[in-house]
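Every heavy atom of this structure was used, including side-chain atoms; hydrogens, water molecules and symmetry mates were not. All values reported here derive from a predicted model rather than from experimental measurement.
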Amino acid sequence: MASLISASEKTGITAAFNDIFDTFKREIVVYKEPIKTVTDLNMDMFYGYDLPYEGKPTNYTYTVVSGTYQAMIRYEDDMSHDTDSSLNTTIPDGEVRVKVKEDAMNFIESGKTEKITMDNKNYNLASEASVAKFLDSTFYVYHLKEIK
């Protein structure tokens with residue numbers, strides 16, 4: 001079956017779609033579970049060492065594991081709202097949609113993602129990645145829920 005779009009047109013449209021991403025992208029920081037490193041073995045915890053625990057140095061450290069990636073961020077227009085009847089107001093539930101490239105998706109999917117930070121707010125993953133394809137462009141979409 002013949003294609004309605006030639007190969008050169010497809011290349012041009014795909015490049016324009018990638019330019020849209022590059023124009024509107026913003027940074028997000030993805031935090032993974034930290035790495036716990038034992039720095040000094042404290043022998044007082046073993047049988048026969050009766051010194052009290054107070055005042056002993058910590059024998060491990062945590063190393064932050066994070067990555068900064070580019071994403072298109074969209075705050076949902078059609079969010080569900082919780083209504084507070086005592087104030088007669090609506091409160092958005094804080095969902096956000098982010099579209100990322102493959103490198104960010106690989107980092108998010110490997111190991112445990114603790115939070116994603118953007119616009120001075122913290123978010124948890126509320127969905128798994130869904131693939132968004134357009135001609136030769138592939139992006140991955142996540143829904144995030146604000147941590148209150």
Side-chain angles (χ1 to χ4, degrees), residues 1-46 53-54 56-87 89-148:
M1 180 176 212
S3 176
L4 296 175
I5 301 173
S6 70
S8 62
E9 290 173 326
K10 191 175 187 180
T11 302
I13 294 170
T14 300
F17 193 72
N18 286 326
D19 288 344
I20 291 170
F21 181 86
D22 290 337
T23 301
F24 296 105
K25 69 184 178 187
R26 297 196 328 222
E27 284 188 351
I28 62 171
V29 180
V30 180
Y31 291 92
K32 306 301 280 183
E33 189 172 35
I35 298 171
K36 185 176 182 179
T37 307
V38 176
T39 56
D40 184 26
L41 187 58
N42 185 351
M43 297 300 286
D44 294 339
M45 68 182 183
F46 294 113
Y53 183 73
E54 297 152 11
K56 293 184 183 177
T58 304
N59 61 351
Y60 56 87
T61 60
Y62 288 102
T63 305
V64 176
V65 179
S66 66
T68 302
Y69 294 95
Q70 304 298 322
M72 284 181 61
I73 302 168
R74 181 174 153 225
Y75 293 92
E76 299 291 337
D77 293 333
D78 56 353
M79 287 189 211
S80 60
H81 292 77
D82 295 328
T83 301
D84 185 347
S85 59
S86 64
L87 298 175
T89 61
T90 57
I91 303 167
D93 69 353
E95 265 199 33
V96 174
R97 186 178 141 213
V98 293
K99 186 184 292 187
V100 297
K101 291 187 176 182
E102 186 174 8
D103 59 339
M105 183 274 302
N106 289 335
F107 188 73
I108 292 169
E109 296 293 326
S110 67
K112 180 182 177 189
T113 299
E114 290 198 336
K115 69 179 178 178
I116 296 175
T117 303
M118 61 191 155
D119 296 336
N120 298 320
K121 293 185 180 181
N122 298 318
Y123 297 87
N124 282 332
L125 289 172
S127 72
E128 293 184 10
S130 60
V131 179
K133 287 188 159 221
F134 180 76
L135 298 176
D136 291 334
S137 296
T138 303
F139 294 94
Y140 302 89
V141 178
Y142 290 95
H143 289 268
L144 309 176
K145 180 90 169 164
E146 185 178 356
I147 301 171
K148 303 232 180 200

Keeping [X] on the side-chain end and [Y] on the backbone end, is there a donor-acceptor pair under 3.5 Å?
X	Y	answer
Glu109	Asn106	no
Lys32	Ser110	yes
Lys115	Val29	no

Are side-chain heavy atoms of [X] and [Y] found at a separation under 4.5 Å?
X	Y	answer
Ile73	Arg97	no
Ile116	Asn122	no
Met105	Tyr142	yes
Tyr31	Thr113	no
Ile28	Val100	yes
Tyr69	Val30	yes
Tyr140	Lys99	no
Thr138	Val131	yes

Tightest non-hydrogen contact, residues Glu33 and Val65, listed as O-CG2, 3.9 Å
Take Leu144 and Val98 through the side-chain contact (heavy atoms from CB on, under 4.5 Å) test and state the conclusion after the steps.
CA-CA 8 Å; Leu144 309 176; Val98 293; 3.9 Å; yes
Listed pairs under 3.5 Å, donor-acceptor, residues 13-26 side chains, sequence neighbours left out:
| unit_1 | atom_1 | unit_2 | atom_2 | d |
| --- | --- | --- | --- | --- |
| Thr14 | OG1 | Lys10 | O | 2.8 |
| Asn18 | OD1 | Ser137 | OG | 3.3 |
| Asn18 | ND2 | Thr14 | O | 3.3 |
| Thr23 | OG1 | Asp19 | O | 2.7 |
| Arg26 | NH2 | Asp119 | OD1 | 3.2 |
| Arg26 | NH2 | Asp119 | OD2 | 2.5 |

Separation of Thr117 OG1 from Glu27 CD (nearest 0.5 Å)
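It comes to 12.0 Å.
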Could you give the distance from CE (Met72) to CZ (Phe139), rounded to the nearest 0.5 Å?
8.0 Å
Mind running side-chain contact (heavy atoms from CB on, under 4.5 Å) on Met118 and Tyr123 for me, showing each step along the way?
CA-CA 8 Å; Met118 61 191 155; Tyr123 297 87; 3.7 Å; yes
